[in-house]
Amino acid sequence: MNIVVLVKQVPDTWSERKLTDADHTLDRESADAVLDEINERAVEEALQLQEAHGGEVTVIAMGPDRATDAIRKALSMGADKAIHVSDEALHGSDVLATAKVLAKAIGTVENVDLVIAGNEATDGRAGAVPAILAELLGLPQVTQLRKVTVEGTTIKGERETDEGVAFLEASLPAVVSVTEKINEPRYPSFKGIMAAKKKPVSTVTVADLGIDASEVGLSGAYTQVLEAAPKPPRSAGQRVEDGGDGGSKIAEFLVGQKLI
Amino acid sequence: MITKDLYERKEFRQLVKDFTRNEIVPHLDEWERQGEVPRELHKKAAELDLLGIGFEHGDLLDSVVLTEEIIQSGGSSGVMAALFTLGIAIPHIWQSGNQDLIERFAKPAIRGEKIGSLAVTEPGAGSDVAGIRTKAVKEGDHYIVNGTKTFITSGCRADFVTTAVRTGEKGHKGISLLVIEDGFTRRKLDKMGWHCSDTAELHFDDVHVPAKNLVGEENQGFALIMRQFQVERITMAVEAYATAQRALDLTVEWTRNRETFGKPLIKNQVVSHKLAEMAQKIDLARTYTREVAARVNRNEECVTEVCFAKNAAVQACGEVVDAAVQLHGGMGYMRESEVERHYRDARILGIGGGASEVMTELAARRLGFA
């Protein structure tokens with residue numbers, strides 16, 4: 001069973017994240033870059049399926065040169081090989097362009113049975129790429145899963161929502177996305193870390209994938225960010241001394257905020 | 001070398017940090033009370049290949065990173081002693097090339113399935129290895145062992161004990177190493193620190209040990225033991241500066257948050273300067289020790305420098321943990337503060353693996369001064 005895992009390098013959620021002044025895209029220099037945590041779970045799920053069903057796990061990432069570190073992390077966990085789509089033209093791509101590029105990259109991998117993605121990246125948080133990708137590839141999409149099982153050529157999944165749990169089924173090949181409840185990702189082992197460097201990573205450009213540069217990047221995006229302002233700093237808040245009437249003062253405040 | 005921001009090194013550091021924070025820190029207080037670390041910890045460490053470093057893969061510099069990061073992420077030198085006892089128990093077996101012993105003892109220890117100990121010290125002989133008295137007499141295909149070993153790290157839990165025994169004449173020419181699995185009695189020893197690391201006294205009373213458990217050649221044990229001291233001593237130097245670094249980190253945090261007389265402690269010059277002095281001592285010890293570790297790793301002759309590194313790092317550590325407790329005030333004397341534990345744990349570093357005075361004497365001799 002050949003699996004493709006889509007991974008993304010994102011700014012560490014613990015560091016301060018901001019947009020550049022120039023074109024309001026992500027300021028990659030201002031924060032530590034890490035493999036998105038949800039992708040660690042996607043890789044873990046792929047490795048567990050591989051352990052049960054055999055086959056090969058290929059990691060695909062789209063991102064600048066330094067995304068290599070995120071790819072290596074996935075390889076050190078145990079994935080077999082990787083494709084890194086790196087091209088200046090991709091700067092500022094929207095979800096449609098991203099899905100288009102990933103679809104073409106997936107097309108270069110032979111006999112793909114399953115594509116696994118995280119449900120949404122912690123930076124963009126659009127959560128749309130897996131679904132668009134499935135449409136472009138003409139594959140069934142089984143998204144937002146907390147559990148995945150493969151039986152023969154069928155994939156079964158559990159999607160948890162506020163209303164309850166949906167039990168889904170599709171035939172392979174398919175595209176799935178997983179939520180943070182799917183598993184606990186393994187640590188890369190010492191040997192895994194040392195071996196990651198020797199695993200094959202092919203770096204390709206949009207031209208290599210047969211895509212015109214004008215279709216992607218900022219200029220190819222369907223929407224544009226015209227203005228961005230940093231979140232205003234938190235104000236000091238209102239201090240209430242409790243002189244026996246603290247309760248009613250809190251109630252007054254909440255009424256004033258139209259909360260009660 | 002280690003400061004170099006190699007991708008692998010950075011990732012390995014992160015791995016050890018995650019392992020320590022998730023698998024060690026939440027349980028350490030409990031292990032301190034119980035007096036030992038559980039066997040599952042060995043299995044978990046083995047799954048990440050941590051126990052095989054320096055044997056099946058990796059080298060001394062990887063061990064240095066491992067030691068630094070376990071202690072600096074909230075572990076302790078006591079955890080290192082308990083979890084990585086194989087570091088002193090199996091190198092002689094590994095280097096002997098004896099496949100039978102490697103398969104029966106070294107590899108299971110690396111897989112976290114067996115716990116090994118090294119027994120050299122006796123009630124009458126510690127740093128004076130050539131003076132050991134525990135006797136092994138060969139009878140047919142067995143050795144009959146009689147004697148007592150003490151201060152044996154992981155001795156209560158050990159599945160096998162690599163034991164220094166006298167098989168020949170007096171002095172260093174009559175010593176051999178035997179792997180002993182059972183037949184002896186154990187007495188648990190209570191210590192000032194390293195509470196999560198069990199320590200035992202072992203009594204051998206006509207213990208029958210198969211002759212095939214001999215490591216290397218008969219009467220050649222002294223050289224095997226002495227060779228390993230280099231690695232053990234440099235590791236203890238790393239434990240010393242890493243403990244000091246952890247104590248400093250905790251103290252900086254404490255002095256930033258603790259307010260007295262209307263301002264954080266760290267706003268007092270006497271405190272901020274003290275912290276800077278602590279940082280200086282640690283950095284000097286770390287830089288020198290790493291340099292010597294790199295030389296040991298290249299198999300360069302540097303016995304004197306290893307003595308210097310151990311003594312310098314241990315001295316820095318002693319001063320830093322003392323200052324850390326002092327700056328924590330009353331809290332520093334409480335069992336619930338982590339620096340209190342490091343203060344107790346640090347004391348052994350200038351005693352074990354060759355006492356500071358022995359290190360100095362050895363250095364004086366190597367330099368031709370004594």
Side-chain angles (χ1 to χ4, degrees), chain A residues 7 9-15 29 31-41 43-44 47-48 50-51 59 61 63-79 81-82 84 86 180 183-201 203, chain B residues 1-2 4-26 40-70 73-75 80 83-84 86-87 107 109-112 297:
Chain A
V7 306
Q9 190 182 46
V10 298
D12 195 337
T13 46
W14 297 103
S15 54
E29 300 308 316
D32 289 338
V34 298
L35 172 62
D36 203 344
E37 206 185 307
I38 194 68
N39 294 152
E40 287 185 31
R41 296 178 199 272
V43 172
E44 175 64 38
L47 294 173
Q48 287 185 17
Q50 182 192 37
E51 280 157 15
V59 169
D65 285 350
R66 73 173 189 173
T68 315
D69 284 354
I71 291 169
R72 285 229 198 120
K73 177 81 182 262
L75 293 175
S76 67
M77 288 174 72
K81 58 190 174 73
H84 181 184
S86 180
E180 59 184 18
N183 56 41
E184 276 305 314
R186 69 192 62 191
Y187 301 109
S189 68
F190 179 84
K191 281 191 253 185
I193 291 170
M194 297 302 156
K197 206 176 183 175
K198 298 182 193 106
K199 291 181 176 175
V201 179
T203 305
Chain B
M1 50 124 204
I2 291 168
K4 206 170 161 190
D5 206 12
L6 294 172
Y7 170 80
E8 286 86 356
R9 209 63 100 194
K10 215 171 88 185
E11 284 298 301
F12 179 50
R13 247 182 219 289
Q14 188 59 47
L15 163 66
V16 179
K17 199 176 276 184
D18 291 343
F19 172 74
T20 305
R21 287 181 181 164
N22 297 332
E23 310 295 343
I24 293 176
V25 173
E40 295 92 88
L41 183 66
H42 292 254
K43 296 235 176 69
K44 283 178 183 166
E47 277 171 26
L48 305 180
D49 311 320
L50 301 184
L51 299 184
I53 291 174
F55 300 107
E56 288 186 337
H57 43 258
D59 57 19
L60 180 62
L61 300 188
D62 296 308
S63 297
V64 169
V65 171
L66 173 76
T67 306
E68 287 182 358
E69 218 51 59
I70 284 193
S73 304
M80 289 301 302
L83 180 55
F84 293 93
L86 87 166
K107 287 192 175 173
I110 288 169
R111 290 195 298 266
N297 199 41

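Below, read A as the first sequence line, B as the second, and so on, with proteins coming before strands; counting in each chain starts at 1.
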If you look at every heavy atom in A:Pro188 and B:Leu48, which pair is closest and at what distance? O-CD2, 4.4 Å
Side chains of A:Met194 and B:Asp62: closer than 4.5 Å at any heavy-atom pair? yes
Would the number of heavy atoms belonging to other residues, nucleotides or ligands and lying under 6.0 Å from CD of A:Glu180 be above 12? no
Distance col, row A:Ile193:CD1 vs B:Glu11:CD, nearest 0.5 angstrom, shows 6.0 Å
Nearest 0.5 Å please: distance from the OG atom of A:Ser189 over to the CG atom of B:Leu15. 7.5 Å
Which bit of A:Arg186 is near chain B, if near means a heavy-atom gap under 4.5 Å: side chain, backbone, both or neither? neither
Go through the atoms of B:Leu66 and report whether side chain, backbone, both or neither lie under 4.5 Å from a heavy atom of chain A. neither
B:Gln14 and A:Tyr187: side-chain hydrogen bond (donor to acceptor under 3.5 Å, both in side chains), yes or no, with the steps? CA-CA 10 Å; B:Gln14 188 59 47; A:Tyr187 301 109; over 6 Å; no
Distance-minimising heavy-atom pair for A:Lys191 and B:Asp49: N-OD2, 2.8 Å
